[in-house]
**Student:** 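Okay, handing you the structure first.
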Amino acid sequence: MMAASTRLLVVCLGNICRSPMAEGALRARIEASPLAGRIEVDSAGTGGWHAGEPPDRRAIACARGHGVDIGGLRARQLRVDDFQAFDWLLCADADNLHDARRLAPPGLAARAVLLLDWAGTVAGGEVPDPYYGGRDHFEDVWRLVDTAAQAVVARLSIGAGSGIIGP
Ligand code: 4NP
């Protein structure tokens with residue numbers, strides 16, 4: 001049986017550093033896998049200050065260094081209807097998770113989870129905010145989100161093979 005497509009939304013605070021980097025890593029890992037074309041990926045920020053802007057130039061440079069172009073992405077704020085539009089809201093840290101769940105319509109708060117925890121790479125783990133940090137902090141973010149992206153592909157591949165996919 002062909003599984004339905006799974007819809008993933010990565011969530012951070014500003015949608016200019018962590019979540020666009022995770023979106024880029026996920027897109028690249030998915031496209032290089034048998035899941036290509038079957039997983040929808042987007043990102044959003046719990047805050048709207050940077051809406052309409054491209055990712056932070058340090059995030060773009062870091063991703064480019066790993067062969068992934070995220071320069072075309074544009075920030076947007078998380079919306080209530082994202083809880084219907086996506087199966088999973090993969091949050092970078094506990095604050096993002098808390099803020100996302102506060103916005104959730106009745107019965108849908110459980111769709112918001114921690115990215116690293118859901119991926120299975122770091123139980124209860126958070127992706128630290130690199131905004132006030134340096135290049136090393138962006139590299140740390142890339143390592144965390146790209147490792148998670150590989151684990152997500154493995155997780156969804158198992159689900160696709162068994163016909164069990166999505167929430
Ligand atoms: P992000 O990083 O949540 O990973 O996109 C931040 C970006 C901007 C701000 C904070 C964090 N800010 O305060 O403007």
**Student:** Does any part of the side chain of V145, heavy atoms only, come nearer than 4.5 Å to the side chain of L26, both counted from C-beta?
**Tutor:** no

**Student:** Which value, rounded to the nearest 0.5 Å, describes the distance between L90 atom CG and D117 atom CG?
**Tutor:** 10.5 Å

**Student:** Could you check whether any side-chain N or O of R7 sits under 3.5 Å from a backbone N or O of A85, counting only pairs where one atom can act as donor and the other as acceptor?
**Tutor:** yes

**Student:** Between W118 and W88, what is the ring plane arrangement, given parallel below 30°, perpendicular above 60°, and tilted in between?
**Tutor:** tilted

**Student:** Can you establish whether the number of heavy atoms outside H66 located under 6.0 Å from its atom NE2 is more than 12?
**Tutor:** yes

**Student:** May I ask you to decide whether E23 forms a salt bridge with R27, counting only side-chain N to carboxylate O separations under 4.0 Å?
**Tutor:** yes

**Student:** Under a 4.0 Å N-O cut-off, is there an ion pair linking R76 with D42?
**Tutor:** yes

**Student:** E139 and C62: side-chain contact (heavy atoms from CB on, under 4.5 Å), yes or no, with the steps?
**Tutor:** CA-CA 7 Å; E139 287 299 326; C62 177; 3.4 Å; yes

**Student:** Nearest 0.5 Å, please: how far is CG in L9 from CG in D82?
**Tutor:** 5.0 Å

**Student:** Please round to the nearest 0.5 Å and tell me the distance separating atom SG of C12 and atom CG of D95.
**Tutor:** 12.0 Å

**Student:** Testing the 3.5 Å rule here: is there a donor-acceptor pair between the side chains of N96 and D99?
**Tutor:** no

**Student:** Strictly below 4.0 Å, N to O, side chains only: are D146 and R29 in salt-bridge contact?
**Tutor:** yes

**Student:** Using only heavy-atom distances, determine whether the side chains of S43 and N15 contain a donor-acceptor pair under 3.5 Å.
**Tutor:** yes

**Student:** With respect to R18, which candidate in L13, V11, V10 satisfies the side chain to side chain contact (heavy atoms under 4.5 Å, CB included) definition?
**Tutor:** L13

**Student:** Got a second to check how far L35's CG is from S5's OG, nearest 0.5 Å?
**Tutor:** 10.5 Å

**Student:** Give, for atom SG of C17 and atom NE2 of H50, the distance between the pair rounded to the nearest 0.5 Å.
**Tutor:** 7.5 Å

**Student:** Taking the side chain as every heavy atom from C-beta outward, state whether V80 and P105 have any pair of such atoms under 4.5 Å apart.
**Tutor:** yes

**Student:** Would you give the length of the straight line joining atom CG of L97 to atom CG of D93, rounded to the nearest 0.5 angstrom?
**Tutor:** 8.5 Å

**Student:** Within the supplied structure, the quantity of interest is the number of heavy atoms (other residues, nucleotides, ligands) at a distance under 6.0 Å from R74 CZ; does it exceed 12?
**Tutor:** yes

**Student:** Just checking, R58 and Y131: is the charged tip under 6.0 Å from the six-membered ring centre and within 45° of the axis?
**Tutor:** yes

